[in-house]
Amino acid sequence: MDWGNVTAEDLIDALREVDWSSPPRPLSEFFSRFTVPRSYAKWNSRLKCNLYYYRTNYFIMIVLILGMGFLRRPVAILAAILTALSIAFLNDSFAGTFSEKVTRTVRQFSPHLAAKMRPPLTPVIRGRPSAKRAIHICGRPRWVFVFIFSSVSFILWYVSCGLFTVLWALAIALLATILHASFRTPNLKARLNTFREEFRAVWRNYSEL
């Protein structure tokens, strides 16, 4: 996969649709080899490849840095968790898995309520979906949960007086992510893994037709 030809919009779409349930890469691999990119093209390709390949590691690192900044503020920690969930809901795989697990749990107590939490069916015309299936969480559009969790987290940030602190912690976390992705040399395993996930995504879209 030629990451130099991948645009920022394509990378965001890939991160939104890819499966995030895979465990993080081992620390021995995450901190394995660092080199300075020899050109802007090399840096651009390396940055996109590492952001895609180590996405789970970066997500955990950002959450940990945010949590370390609020060890003495439980309300701020709760706000960080809600913020992380609102961001995670933007990923199709996480949103679908979360909705399915909640529906299964509710089904044990109220099958009737669980039936209402299922997403609406997409109309099929001539054997194909009439439009791209919208992501629903517990029977509601995804943006409803993103809006609610984001609003509640913002209120908690304000109540805990930690808006300024979270901005500093977030800036440090993003800077650490960019520095690691810029200097971590992509190995053959990373390139083969991204190619395999790209093939699975293409095959999954083909099988849905």
Side-chain angles (χ1 to χ4, degrees), residues 9-25 51-64 66-67 70 73-160 162 166 193-194 196-209:
E9 291 78 8
D10 294 336
L11 179 61
I12 294 175
D13 289 340
L15 292 175
R16 182 176 59 85
E17 297 176 358
V18 75
D19 185 9
W20 281 64
S21 61
S22 58
R25 312 298 176 185
L51 286 176
Y52 183 85
Y53 182 67
Y54 294 110
R55 57 187 179 273
T56 307
N57 297 71
Y58 292 143
F59 183 78
I60 295 176
M61 182 175 67
I62 292 175
V63 173
L64 288 178
L66 288 175
F70 301 99
R73 298 182 180 180
V75 177
I77 294 179
L78 178 59
I81 295 175
L82 294 179
T83 302
L85 282 176
S86 62
I87 296 175
F89 282 148
L90 297 177
N91 177 258
D92 296 352
S93 177
F94 180 86
T97 303
F98 178 86
S99 178
E100 185 64 26
K101 289 183 178 180
V102 172
T103 304
R104 290 179 180 177
T105 304
V106 174
R107 188 186 297 118
Q108 298 177 359
F109 304 95
S110 176
H112 181 69
L113 178 60
K116 294 182 178 180
M117 296 172 59
R118 291 197 170 276
L121 298 177
T122 302
V124 177
I125 301 177
R126 296 181 180 179
R128 296 187 179 184
S130 58
K132 185 177 180 180
R133 184 170 62 91
I135 303 300
H136 286 70
I137 300 177
C138 299
R140 297 292 182 268
R142 171 170 52 187
W143 67 266
V144 174
F145 282 82
V146 174
F147 176 78
I148 294 176
F149 277 67
S150 301
S151 301
V152 174
S153 63
F154 180 81
I155 295 174
L156 293 179
W157 285 126
Y158 182 79
V159 171
S160 63
V166 73
N193 185 274
T194 54
R196 182 172 64 252
E197 291 184 352
E198 180 186 16
F199 174 80
R200 289 176 178 175
V202 173
W203 178 257
R204 182 169 59 251
N205 293 335
Y206 175 79
S207 62
E208 291 178 353
L209 297 178

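For reference, positions follow the sequence shown, starting with 1.
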Please determine if Arg25 forms a cation-pi arrangement with Tyr53, meaning its NZ or CZ atom is less than 6.0 Å from the six-membered ring centre and no more than 45° off the ring axis. yes
The side-chain contact (heavy atoms from CB on, under 4.5 Å) partners of Leu64 (sequence neighbours excluded) come to Ile60
Rounded to the nearest 0.5 Å, the CD1 atom of Ile135 sits from the CG atom of Asn91 at a distance of 9.0 Å
So CD1 of Ile148 and OG of Ser153: to nearest 0.5 Å the spacing works out to 11.5 Å
dist Phe94:CZ -> Leu85:CG (nearest 0.5 Å) comes out at 5.5 Å
Sorted by chain and number, sequence neighbours left out, ring pair (Phe, Tyr, Trp, His ring centres under 6.0 Å) with Phe98 holds for Phe89
| field | Donor-acceptor contact below 3.5 Å, side chain Ser110 vs main chain Val106 | value | no
Residues at least two apart in sequence or cross-chain that pass side-chain contact (heavy atoms from CB on, under 4.5 Å) with Val63, listed by chain then number, are Phe59, Ala84
When every non-hydrogen atom of Val102 is compared with those of Cys138, the smallest separation belongs to CG1-SG, 3.6 Å
Counting C-beta onward and ignoring hydrogens, is there a side-chain heavy-atom pair between Ile81 and Phe149 closer than 4.5 Å?
no
Here the gap from Ser151 atom OG to Leu156 atom CG, rounded to the nearest 0.5 Å, amounts to 11.0 Å
In this structure, CZ of Arg140 is separated from CD1 of Ile137 (nearest 0.5 Å) by 12.0 Å
d(Ile62 CD1, Thr83 OG1) to nearest 0.5 Å is 12.0 Å
Practice problem: Ignoring hydrogens and angles, tell me if any N or O in the side chain of Ser99 forms a donor-acceptor pair with the backbone of Ala95 under 3.5 Å. | Solution: no
Minimal heavy-atom distance between Arg142 and Asp92, with the atoms involved, is NH1-OD1, 2.7 Å
Any heavy-atom pair between the side chains of Lys101 and Arg104 that's under 4.5 Å?
no
